[in-house]
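Worth saying up front: this structure is predicted, and the values here are computed from it rather than measured.
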Amino acid sequence: MAFNTLKFILFFPCVCLVTWLLPRRWRNMFLLVVSLAFYTMWRPVCTVFLLWVTGVSYLGARKVEAQGLRRKASLVACIVLLLGPLAFFKFLDPINAVALAALHALGLGIDFHGLNWVIPAGLSIYTLQAIGYVVDVRSGKVPREQSLLNHALYLSFFPTVLSGPINRSFDLMPQIRERRFGFNPSLAGSGARLVVWGMFLKVAVADRFSVYTVSVLAHAGQYNGFSLLFAQVCYLFQMYCDFAGYSYIAQGCGRLLGVDLKDNFRQPFFAMGAGEYWHRWHMALSGWMRDHVYIPLGGSHCSKARTSLNIMITFLATGCWHGGNIAYLSWGLYNGVLVVVSHLLPIKRWKRNVPTRVVVSIATFMLLALGLTFFQPNYVEIFTQEFTAAFGAFCLKAPVSIHAESVLWYMAFTFVVVMLRDVQAEWKVVKVSRPASLAGYIVIVMLILLIGVFDGGQFIYIRF
């Protein structure tokens, strides 16, 4: 059940109402049942992997806590067991390719691609949550959770189980343990606003931008370099609205249920350099990689050469998290190079000059947009066409039922709306009164109802 469906819009208020009315001692149990049902409705067989990760991390934390000097061996064994299913599915395509080539060489026409239907949604999310929890127990950052019910709810909490954000054990686990679920007036208002804004980003912006980006990038051979570059920039903005929209909805749902989930985006397009960008984009994943990959490697407390190597390894691991093929590994290495270069530049000095700051932020935006091309299945064709057909008239390919000019004007309008909100969030340039804020959200709700796409189109990050 996706957030951007009428089914969820009817489902979630019912969950909220029951949660608020139930006695406090029953709320965690109710939300665990709802979360497991929510996940099972997505694809029933995938629940096996969620239960596996839940059981291994729960027992692994007990072993890590109890075994004294042998805790390191227990931790390694637990991590290997948790990573096993994730590694298998992430590297399923290259494994298939090698196996099929070997079988065809032997004259056997066996095809394993039928296994792709069983890839569990959210496996990347709750696996990292489980590993982070076990590592935090081992390091003493959090106490081991005694209740299997609470531990299972931490990993399967339905607003975040499919596409994140990745919940850190020291943020969410105490709230679950203290049974904070229920109606919290201080969180409910901001939660409702986050849900509305997130829904707007997804159904009224991202899904409308996809009309252009899918049309152009999927037919790269028909376009010149300028048109493709414009489509790549639009795709980065589309991905931002898609994934930030999901994160805001998840965060808002959590607040309406009484728990405070951490921000996952903080105006990333105002970043100067790729290093700052990754402190603002998908902050849950970048924070996890920093704490569990970059810092254990030595972090920045090394020579410049070793620090650069640590950054490259961290982004290579980030690429593997997205997928095991050469495209995602290339994307990880590309971002690693950008971050290394940004650390070598005098970014702090450039921040003092407004024109320089604008130029560097735009350059950062463009370079990161180029990197996202690796997410396209025909990325080789896109890059080839972009650098061999660099000039020519700008053109737009869109479905015949939609006028090209109207698509561009709508994209420009929604881009301005989103960026104005981010400007306000970044610099607080205008003090917005409550009546004005309420009026703004009423307009957004009207836009969602008038132009939103409620077809259950998949959020981009669910496939990771």
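Within the model, atoms CD1 of Ile442 and CG of Leu447 stand 12.5 Å from one another, a figure rounded to the nearest 0.5 Å. For the atom pair Thr47 OG1 and Met41 CE, the distance stands at 10.5 Å (nearest 0.5 Å). Considering OG of Ser147 and CG of Leu32, their distance stands at 9.0 Å, rounded to 0.5 Å. Taken from SG in Cys234 to CE in Met239, the straight-line distance is 13.5 Å, to the nearest 0.5 Å. Expressed to the nearest 0.5 Å, how far CZ of Phe209 lies from OH of Tyr235 amounts to 13.5 Å. Note that the CZ atom of Phe365 and the CG atom of Leu370 stand 11.0 Å from one another [nearest 0.5 Å].
The heavy-atom pair separating Phe8 from Cys253 by the smallest distance is CZ-SG, 4.0 Å. Here the shortest heavy-atom pairing between Ser156 and Val161 reads O-CB, 3.7 Å. Thr127 and Val53 make their closest contact through OG1-CG2, 4.0 Å (heavy atoms, listed as atom of the first residue, atom of the second, distance). Counting all heavy atoms, side chain and backbone alike, Thr19 lies closest to Phe30 at OG1-CE2, 3.4 Å. Smallest separation of non-hydrogen atoms from Val137 and Ala61: CG1-O, 4.0 Å. Nearest heavy-atom pair, Val205 versus Cys241, reported as atom, atom and distance to 0.1 Å: CG1-SG, 3.5 Å.
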List the steps and the verdict of ring pair (Phe, Tyr, Trp, His ring centres under 6.0 Å) for Trp197 and Phe200.
-> CA-CA 5 Å; Trp197 181 247; Phe200 173 74; 5.4 Å; yes

Do Gln129 and Asn167 pass the side-chain hydrogen bond (donor to acceptor under 3.5 Å, both in side chains) test, and can you show the C-alpha distance, the side-chain angles, and the key distance before you say yes or no?
-> CA-CA 6 Å; Gln129 281 191 201; Asn167 295 306; 3.3 Å; yes

Apply the test ring pair (Phe, Tyr, Trp, His ring centres under 6.0 Å) to residues Tyr328 and Phe374: give CA-CA distance (whole Å), side-chain angles for both, the deciding distance (0.1 Å), then the verdict.
-> CA-CA 7 Å; Tyr328 294 122; Phe374 287 109; 9.3 Å; no

Where do Tyr212 and Phe230 land on the ring pair (Phe, Tyr, Trp, His ring centres under 6.0 Å) test, with the steps shown first?
-> CA-CA 10 Å; Tyr212 175 76; Phe230 181 74; 5.6 Å; yes

Between Phe265 and Phe243, is a side chain to side chain contact (heavy atoms under 4.5 Å, CB included) present by the stated rule, with each step listed?
-> CA-CA 9 Å; Phe265 288 86; Phe243 191 29; 3.2 Å; yes

Give the intermediate values and the outcome of ring pair (Phe, Tyr, Trp, His ring centres under 6.0 Å) for residues Phe89 and Phe49.
-> CA-CA 11 Å; Phe89 286 112; Phe49 298 96; 5.3 Å; yes

Hey, mind stepping through Tyr39 and Val34 against side chain to side chain contact (heavy atoms under 4.5 Å, CB included) and telling me if it holds?
-> CA-CA 9 Å; Tyr39 190 75; Val34 168; over 6 Å; no

Just do the side chain to side chain contact (heavy atoms under 4.5 Å, CB included) check on Ile131 and His292 with the steps written out, would you?
-> CA-CA 9 Å; Ile131 292 173; His292 299 297; 5.8 Å; no

Kindly determine whether Lys348 and Glu276 satisfy salt bridge (Lys or Arg N to Asp or Glu O under 4.0 Å), including the steps that lead there.
-> CA-CA 11 Å; Lys348 290 184 179 179; Glu276 184 181 348; over 6 Å; no

Stepwise side chain to side chain contact (heavy atoms under 4.5 Å, CB included) check, Leu187 with Leu256 | CA-CA 7 Å; Leu187 293 177; Leu256 285 166; over 6 Å; no

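For Thr54 (side chain) and Leu50 (main-chain N/O), a donor-acceptor pair under 3.5 Å exists by modelled atom type. Checking side-chain atoms of Asn150 against main-chain N and O of Leu153 turns up no donor-acceptor pair under 3.5 Å. Judged purely by atom type and a 3.5 angstrom limit, Asn378 uses its side chain to pair as donor or acceptor with the backbone of Leu217. For Ser169 (side chain) and Tyr133 (main-chain N/O), no donor-acceptor pair under 3.5 Å exists by modelled atom type. No side-chain donor-acceptor contact under 3.5 Å links Trp281 to the backbone of Gln267. Judged purely by atom type and a 3.5 angstrom limit, Ser361 has no side-chain atom pairing as donor or acceptor with the backbone of Val358. Using modelled atom types, one side-chain atom of Ser210 and one backbone atom of Asp207 make a donor-acceptor pair closer than 3.5 Å. Remark: the backbone N or O of Ala130 is not paired with any side-chain donor or acceptor of Ser57 at under 3.5 angstrom. With hydrogens and angles disregarded, no donor-acceptor distance shorter than 3.5 Å links the side chain of Tyr294 to the backbone of Ser286. In this structure, the side chain of Lys90 engages the main chain of Trp321 through a donor-acceptor pair within 3.5 Å.
Judged by a 6.0 Å distance limit and a 45° cone about the ring axis, Arg357 is not positioned over the six-membered ring of Trp350.
With Ser247 as the partner, the side chain to side chain donor-acceptor pair (under 3.5 Å) test is satisfied by one option alone out of Asn264, Asp263, Thr160: Asn264. Paired with Trp278 under the rule side chain to side chain donor-acceptor pair (under 3.5 Å), one option of Thr314, Asn335, Thr318 passes, and it is Asn335.
Legend: salt bridge (Lys or Arg N to Asp or Glu O under 4.0 Å) pairs involving residues 4-27, not counting sequence neighbours: none detected.
Val142 has its side chain out of reach of Met173: every pair of non-hydrogen atoms, C-beta onward, lies at least 4.5 Å apart. Between Val339 and Met312, every side-chain heavy-atom pair lies at or beyond the 4.5 Å cut-off. Looking at heavy atoms from C-beta onward, Met199 lies out of side-chain contact with Tyr248 at the 4.5 angstrom threshold. A 4.5 Å side-chain heavy-atom check between Met283 and His279 finds every atom pair outside the cut-off. Inter-residue side-chain proximity for Trp20 and Phe181 is flagged as unmet; no heavy-atom pair is nearer than 4.5 Å. Proximity of Phe158 to Leu257: side-chain heavy atoms (C-beta onward) are separated by under 4.5 Å at one or more points. Put simply, the side chain of Pro120 reaches to within 4.5 Å of the side chain of Tyr126, judged on heavy atoms. At a threshold of 4.5 Å between non-hydrogen side-chain atoms, the residues Arg434 and Leu438 do not count as touching.
With sequence neighbours left out, Asp136 forms a salt bridge (Lys or Arg N to Asp or Glu O under 4.0 Å) with no residue at all.
A salt bridge links Arg280 with Glu426: the distance from a Lys NZ or Arg NE/NH1/NH2 to an Asp or Glu carboxylate oxygen falls below 4.0 Å. One finds no salt bridge joining Asp260 and Arg180 here, because no Lys/Arg side-chain nitrogen approaches an Asp/Glu carboxylate oxygen to under 4.0 Å.
Looking at Arg144 and Gln146, their side chains do bring a donor and an acceptor atom within 3.5 Å of each other. Defined by atom type and a distance below 3.5 Å, a donor-acceptor pair is present between the side-chain atoms of Thr373 and Gln232.
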